[in-house]
Amino acid sequence: MAVSGFEGFEKRLELHFFGDIDDDDGNNMLGLRLLDFESLEQVLLAVQCTVVSAVGNPFFDAYVLSESSLFVYPTKIIIKTCGTTQLLKSIPPLIHFANNLGLTLQTCSYTRGNFIFPKSQPFPHTSFQEEVIYIEHNIPNNLCYRKASVMPSKLPAHSWHVFTATLLPPLKSPHHATFTVEVCMTELDRLIARKFFSRDSKTGDLAGRDMTELTGIDTINAGAFICDFAFDPCGYSMNGIDGDRYSTIHVTPEDGFSYASFECVGSVYDDPDGIVETLKKAVRVFMPATVSISTTRCSREVWTKVARALQPLGLKCRSLIMDEFPAAGTISYQTFTAARRK
């Protein structure tokens, strides 16, 4: 293990707002998508990252960042950043800009895994306790239904940190038709990891497209439009857009602290086998030695099938834990290791 290197594990923030985003004729519906690029740049300046590529469709806008991704829906923002970014510093400006659009914060969710290099993290990410204190200081008091928890596993280096807050009591929380799956993979297959190093000094969109095709990432969801980017000297990010759903992949391929993440959205109305097959394809791309999978608002049927689905890839489920959170509902956290490793 390297003493220090690039931190692959992301911090993830999801903010939901409410308010009247229609005009008198029932038009508009853009909501947060009306935020101009200059405002988004101010938010990202606080976080310490920039936009490198962007694409949108009738449902949402997706931005590839210098450190991970940003998704902007009419009443929802998801921002996910890696490295030594200060993600939580995005909360005050995002609330401010949303308020200017007539929108009010309804729920706040923050998740992350264990940092590989925790001592390299700046304030307010020096500890989970510090992160929780910072969030609680910067969200409105009326988000009074709150919970912070670290979900452990049988792998010492892996646990799942979760904070959620909402202004809605549990019985009045809206039913969510969608669920989120976050996959964290470490110790990637070395031959595969080498494919995420830039060749002939090629970087950017074109090199990203080459990596997408070379590694088979484009086959994970063949129906998605992919916005991809390759970094110098190595690293890769992509956002996939498929109707109102996103997927995203980020890769830190350096030997000793290699890491890849995959995140996607599923629907309770979908065949569970579909999302399970998608996860298998994503994990197969990287052939990692260790995998953790967190599902939010997901049915028991899905996460039990996930455990069985990864077995043919040589991955054995080592631990499973579940917990209930305000606004987020049931969150499950599973860890897997290559069967050859105990």
Side-chain angles (χ1 to χ4, degrees), residues 8-14 16 55-57 59-65 68-73 76-82 109 111-113 160 162 176-185 188 208 211-212 215-229 236-251 259-286 288 291-299 301-310 313 315 328-334 336:
F9 273 91
E10 298 97 348
K11 317 162 184 91
R12 182 186 186 277
L13 178 70
E14 182 169 335
H16 289 245
V55 68
N57 70 6
F59 300 98
F60 68 102
D61 300 310
Y63 301 85
V64 175
L65 306 179
S68 302
S69 293
L70 166 68
F71 302 98
V72 182
Y73 287 80
K76 175 175 69 177
I77 280 186
I78 299 163
I79 180 167
K80 185 171 184 171
T81 64
C82 56
S109 300
T111 56
R112 68 166 174 85
W160 197 240
V162 183
H176 292 276
T178 60
F179 58 86
T180 306
V181 181
E182 298 174 68
V183 183
C184 300
M185 298 169 273
L188 312 182
M211 289 181 184
T212 298
T215 58
I217 286 174
D218 56 338
T219 66
I220 296 173
N221 178 3
F225 176 83
I226 293 177
C227 181
D228 37 23
F229 197 90
Y236 167 91
S237 288
M238 84 80 166
N239 291 332
I241 294 183
D242 186 5
D244 63 350
R245 303 183 195 181
Y246 69 88
S247 59
T248 186
I249 289 176
H250 304 285
V251 184
Y259 171 85
S261 67
F262 172 71
E263 180 177 334
C264 67
V265 179
S267 170
V268 296
Y269 304 114
D270 292 345
D271 180 351
D273 291 337
I275 190 76
V276 169
E277 190 59 34
T278 297
L279 291 178
K280 280 178 65 176
K281 289 179 181 178
V283 174
R284 189 182 289 123
V285 164
F286 300 101
V291 180
S292 69
I293 300 179
S294 170
T295 59
T296 302
R297 294 189 297 268
C298 191
S299 70
E301 183 181 10
V302 170
W303 52 255
T304 52
K305 286 192 173 184
V306 166
R308 290 196 298 268
L310 296 189
L313 301 182
L315 291 162
T330 302
I331 294 182
S332 71
Y333 179 63
Q334 300 177 80
F336 304 81

- Item | Distance, nearest 0.5 Å, that separates CH2 of Trp160 from CD1 of Ile331 | 9.0 Å
- Task: For Thr296 and Phe179, work out which heavy atoms get closest and say how close.
- Result: O-CB, 3.0 Å
- Note on the structure: OG (Ser69) and CZ (Arg12) are apart, to the nearest 0.5 Å, by 11.0 Å
- Message: Can you confirm whether Val283 sits close enough to Met185 that some side-chain heavy atom of one is under 4.5 Å from a side-chain heavy atom of the other?
- Response: yes
- Tightest non-hydrogen contact, residues Thr178 and Arg297, listed as O-NE, 3.4 Å
- Query: Heavy-atom distance under 4.5 Å between the side chains of Val72 and Tyr63, does that happen here?
  - Reply: yes
- Task: Could you point out which residue of Val285, Val181, Thr278 forms a side-chain contact (heavy atoms from CB on, under 4.5 Å) with Phe262?
- Result: Thr278
- Query: Tell me, do Ser68 and Lys11 make a side-chain contact under 4.5 Å, heavy atoms counted?
  - Reply: no
- Message: If I take atom CG from residue Asp61 and atom CG from residue Asn239, how far apart are they, to the nearest 0.5 angstrom?
- Response: 11.0 Å
- Got a second to check how far Tyr333's OH is from Thr111's OG1, nearest 0.5 Å? 11.0 Å
- Message: Using 0.5 Å steps for rounding, measure from the NZ atom of Lys281 to the CG atom of Asp218.
- Response: 10.5 Å
- Task: Give the ring-plane orientation class for Tyr246 versus Phe60, where under 30° counts as parallel, over 60° as perpendicular and anything between as tilted.
- Result: perpendicular
- Just wondering, do Glu10 and Glu182 contact through their side chains at under 4.5 Å, heavy atoms? no
- Query: Looking at side-chain heavy atoms only, is the closest gap between Asp242 and Asn221 below 4.5 Å?
  - Reply: yes
- Would you indicate whether the side-chain heavy atoms of Leu65 and Thr81 approach each other to under 4.5 Å? yes
- With a 4.5 Å limit on heavy-atom distance, are the side chains of Ser247 and Met238 in contact? yes
- Message: Rounded to the nearest 0.5 Å, what separates atom OG1 in Thr215 from atom CD1 in Ile249?
- Response: 7.5 Å
- Message: Within the structure provided, determine whether Cys82 and His250 are in side-chain contact (heavy-atom separation under 4.5 Å).
- Response: no
